[in-house]
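Let me begin by presenting the structure, written as structure tokens, before commenting on it.
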Amino acid sequence: MRRVVVTGMGAITPIGLNTEEFWEGLKEGKTGFSEITQFDTTDYKVKIAANVKGFEGKNYMDVKSARRMELFCQYAVAAAKEALEQSGIQMEQEDPYRVGCAIGSGVGSLQAVEREHQRLLEKGPGRVSPMLVPLMITNMAAGNVSIQFGLKGKSLNVVTACATGTHSIGEAFRTIQAGDAEIMVAGGTESAVTPIGISGFTALTALSSSNDVNRCSIPFDKDRSGFVLGEGAGILVLEEFEHARKRGAEILAEIVGYGATSDAYHITSPAEDGMGAAMAMEYAVKEAGISKEEVEYINAHGTSTHHNDLFETRAIKSAFGEHAYQMKINSTKSMIGHLLGAAGAVEAIACILQINHGYIHETVGLQESEEELNLDYMKGKGISKKLNYALTNSLGFGGHNASLLIKRFEGE
């Protein structure tokens with residue numbers, strides 16, 4: 001199998017508009033929760049989200065291009081721009097048909113749907129914008145990134161709800177392994193803080209019932225009551241190892257394992273025994289050819305819902321046995337909320353940052369867990385620790401499970 005390394009990262013998050021700001025926020029335990037300002041929440045039970053702040057599309061692309069993209073696409077283009085710039089890739093020196101794209105979004109543009117549905121009701125079907133479909137559909141994140149940067153290779157839009165970002169990176173990893181590309185720009189993006197987005201997740205009882213910005217997203221805490229809806233994008237540049245080495249690229253990390261399974265159980269709840277997620281983790285570790293004891297850290301899906309945190313804990317115990325009690329586990333969602341289709345990609349970036357800086361961030365807001373949640377969830381403060389491997393999990397509605405195993409790169 002061809003080796004796959006990471007040579008670029010880009011992030012648009014509720015706690016920073018690039019990877020450096022994101023990392024500073026993670027170290028500080030900064031949270032991105034605030035009152036929703038996009039619309040009037042007077043009649044809504046949920047009034048808090050994790051919004052991206054200060055973002056302007058014109059800072060990342062020309063104004064005309066920005067106007068023809070919904071926000072989820074703008075986030076993807078902005079994060080891809082940062083990632084490609086860090087990678088040092090010069091497209092004029094590459095075969096563009098060997099540079100691909102795998103970027104997913106869980107829901108696409110709810111804003112476009114809401115806007116044009118209102119126009120339909122008020123003015124009739126003849127007044128619906130001809131741009132509605134190309135603005136709203138989820139594949140336009142991959143499409144726009146490919147157009148903006150001239151990526152003519154395989155272009156994928158993986159949509160597996162909350163596992164979208166991780167599956168996108170995993171399938172890009174497989175694409176390079178199989179020899180179908182030398183470079184893949186991969187990740188996820190989302191911007192779903194809208195009236196229907198908040199209403200839908202609220203009706204599902206998935207969102208936190210707390211409107212206290214300090215006690216809303218509290219993964220693994222006994223008082224957790226749901227997730228906080230976040231937005232943003234995370235993009236990685238994945239590259240075949242020899243290709244990266246020949247052009248003298250700085251290698252940030254190596255992807256060494258990918259596991260994907262289905263619970264085949266329920267449309268919203270993970271399997272209660274956690275076996276689907278456990279098998280995804282086991283497959284990722286097995287592919288890397290290492291022992292389970294070599295994995296000392298997991299970036300958990302950790303949504304702050306009762307079922308996810310409990311069943312994911314069971315999954316970790318099933319996968320790692322007694323070693324689970326020696327592992328460090330945290331949830332980046334404690335600071336940025338749940339970015340849906342972008343979550344796994346942003347959390348993969350968090351893993352690479354923690355590996356490269358030798359620091360594991362805390363699970364912010366965690367105070368006390370119930371009896372069965374008895375692993376080390378990084379309560380109270382972060383720690384300095386050398387990490388050789390980081391495992392990141394994503395679990396999506398529909399029973400989609402995905403795990404990526406990321407390895408420190410030491411120049412071999």
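Small disclaimer: the values here were computed from a predicted structure and weren't measured.
For the pair Glu287 and Arg174, the salt-bridge criterion is met [side-chain N within less than 4.0 Å of a carboxylate O].
With Thr194 as the partner, the side-chain hydrogen bond (donor to acceptor under 3.5 Å, both in side chains) test is satisfied by one option alone out of Arg115, Gln111, Glu231, Glu114: Glu114.
Every residue meeting the side-chain contact (heavy atoms from CB on, under 4.5 Å) condition with Thr261, not counting sequence neighbours, appears here in chain and number order: Met279, Ala280, Tyr283, Asn401. Not counting sequence neighbours, the partners of Tyr265 by the side-chain contact (heavy atoms from CB on, under 4.5 Å) test are Asp263, Ser269, Ala271, Glu272. Partners of Glu254 according to the salt bridge (charged side-chain N to carboxylate O under 4.0 Å, His left out) rule, which considers only residues two or more places apart in sequence or in another chain, are Arg3. For Glu28, the side-chain contact (heavy atoms from CB on, under 4.5 Å) test picks out Glu24, Lys30, with sequence neighbours left out. Ala244 pairs by the side-chain contact (heavy atoms from CB on, under 4.5 Å) definition with Val5, Thr7, Glu239, Ala249, Ile251, not counting sequence neighbours. For the salt bridge (charged side-chain N to carboxylate O under 4.0 Å, His left out) test, residues two or more places apart in sequence or in another chain that qualify with Glu56 are Lys58.
The aromatic rings of Tyr60 and Phe55 sit parallel, their planes meeting at an angle under 30°, below the 60° perpendicular limit. Using cut-offs of 30° and 60° on the angle between ring planes, the pair Trp23 and His357 is parallel. Between Tyr377 and Phe220, the two ring planes are parallel [angle under 30°; tilted spans 30° to 60°].
Shown here is Tyr97, whose OH atom has no more than 12 heavy atoms of other residues, nucleotides or ligands within 6.0 Å. Enclosure of atom CD in Glu250 is not indicated, since only 12 or fewer non-hydrogen atoms of other residues, nucleotides or ligands lie within 6.0 angstrom.
In terms of heavy atoms, Ala300 sits closest to Glu347 at O-OE1, 4.2 Å.
With hydrogens and angles left out, the side-chain atoms of Asn393 and Ser403 include a donor and acceptor closer than 3.5 Å.
Here Leu252 contributes atom CG and Arg408 contributes atom CZ; the two are 12.0 Å apart, rounded to the nearest 0.5 Å. The line from OG of Ser208 to NZ of Lys45 is 13.0 Å long, rounded to the nearest 0.5 Å.
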Taking it one step at a time, do Phe320 and Ile298 satisfy side-chain contact (heavy atoms from CB on, under 4.5 Å)? CA-CA 11 Å; Phe320 290 94; Ile298 296 176; 3.9 Å; yes

Stepwise side chain to side chain donor-acceptor pair (under 3.5 Å) check, Asp273 with Ser318: CA-CA 8 Å; Asp273 62 4; Ser318 294; over 6 Å; no

